[in-house]
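Data first, discussion second: the structure below is written as C-alpha cells.
When reading the values below, keep in mind they use all heavy atoms of this one structure, side chains included, and skip hydrogens, waters and symmetry mates. The structure presented is a predicted model; accordingly, all values stated were derived computationally and were not measured.
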Amino acid sequence: MRRFYFDVLDGDSFTRDDEGLELEDLNAAEVMAIQAASEIGHESLPKRRSPEICVRVRDEQGEPVLSVAVSMTVRRKTFADA
C-alpha cells in the first residue's frame with residue numbers, strides 16, 4: 001500500500017491534503033481523484049464559484065503524480081446567432 005495526497009484547486013481556493021489515503025497503487029489513486037473531482041464539481045460548478053475544479057495527486061515523497069480537472073462551459077444561443 002502507498003499513501004497518496006489529494007490537493008484541491010477550486011478557482012482561487014487551494015486545499016492541501018496533509019493526511020492522504022493508503023491505496024493499492026496509482027490506478028486506485030486515479031479512480032479516487034476522478035470521484036473527488038466529480039463530487040466537488042457537482043457541488044461547486046453549478047454555483048459558478050469557478051469554471052474548473054482540479055484534484056492534484058501527490059505521492060509519499062510529495063511529488064505530483066497525476067491531476068484530474070473537471071470544468072463546465074455554458075453556451076447560450078441567442079436570436080442573433082440564428
Side-chain angles (χ1 to χ4, degrees):
M1 299 290 269
R2 296 170 50 195
R3 184 165 295 275
F4 293 93
Y5 300 87
F6 299 82
D7 302 329
V8 178
L9 288 85
D10 182 355
D12 293 333
S13 174
F14 175 78
T15 305
R16 182 180 173 87
D17 177 8
D18 292 322
E19 292 182 28
L21 293 172
E22 292 271 336
L23 298 169
E24 180 86 15
D25 57 17
L26 186 58
N27 290 331
E30 182 176 328
V31 169
M32 186 65 67
I34 290 168
Q35 290 173 344
S38 175
E39 290 172 11
I40 296 165
H42 179 75
E43 292 296 318
S44 295
L45 292 175
K47 296 174 186 168
R48 298 178 188 236
R49 290 184 198 153
S50 163
E52 182 177 273
I53 306 298
C54 183
V55 176
R56 292 185 184 164
V57 181
R58 293 178 287 118
D59 65 11
E60 294 169 324
Q61 291 75 39
E63 294 298 316
V65 291
L66 70 93
S67 66
V68 175
V70 294
S71 65
M72 179 172 63
T73 303
V74 177
R75 293 185 181 95
R76 290 186 180 196
K77 182 173 179 150
T78 64
F79 290 107
D81 294 337

Problem set entry | Main-chain N/O of Ser71 paired with Glu52 side-chain donor or acceptor, under 3.5 Å | no

Problem set entry | Side-chain donor/acceptor of Arg56 to backbone N/O of Tyr5, under 3.5 Å | no

For this session: Spell out, yes or no, whether Val65 and Phe14 are grouped together once hydrophobic residues are joined by side-chain heavy atoms under 4.5 Å, including indirect joins.
Result: no

Exercise. Hey, does Asp17 have a side-chain heavy atom less than 4.5 Å from the side chain of Phe4?
Worked result: no

Exercise. Is Val70 reachable from Ile40 through a run of I, L, V, M, F, W or Y residues, each pair having side-chain heavy atoms under 4.5 Å apart?
Worked result: yes

Problem set entry | Derivation of the side-chain contact (heavy atoms from CB on, under 4.5 Å) call for Glu63 and Arg58 | CA-CA 5 Å; Glu63 294 298 316; Arg58 293 178 287 118; over 6 Å; no

Exercise. Should Leu23 and Val57 be counted in the same cluster of Ile, Leu, Val, Met, Phe, Trp and Tyr side chains packed under 4.5 Å apart?
Worked result: yes

For this session: Step through the shown structure and confirm whether more than 12 heavy atoms of other residues, nucleotides or ligands are within 6.0 Å of CD on Glu22.
Result: yes

For this session: With the side chain counted from C-beta on, respond yes when Met1 and Glu24 share a heavy-atom pair under 4.5 Å apart, and no when they do not.
Result: yes

For this session: Mind listing the closest non-hydrogen atom pair of Ile53 and Gly41 along with its distance?
Result: CG1-CA, 3.9 Å

Exercise. Honestly curious: do Val31 and Leu21 fall in one hydrophobic cluster under the side-chain, below-4.5 Å linking rule?
Worked result: no

For this session: Might you confirm whether atom CG of Asp12 has over 12 heavy atoms from other residues, nucleotides or ligands at distances under 6.0 Å?
Result: no

Seminar exercise, completed: Between the CD atom in Glu39 and the OG atom in Ser44, the distance rounded to the nearest 0.5 Å is 11.5 Å

Exercise. Taking all atoms of both residues into account, what is the closest heavy-atom pair of Val68 and Ala33, and its distance?
Worked result: CG2-CB, 3.8 Å

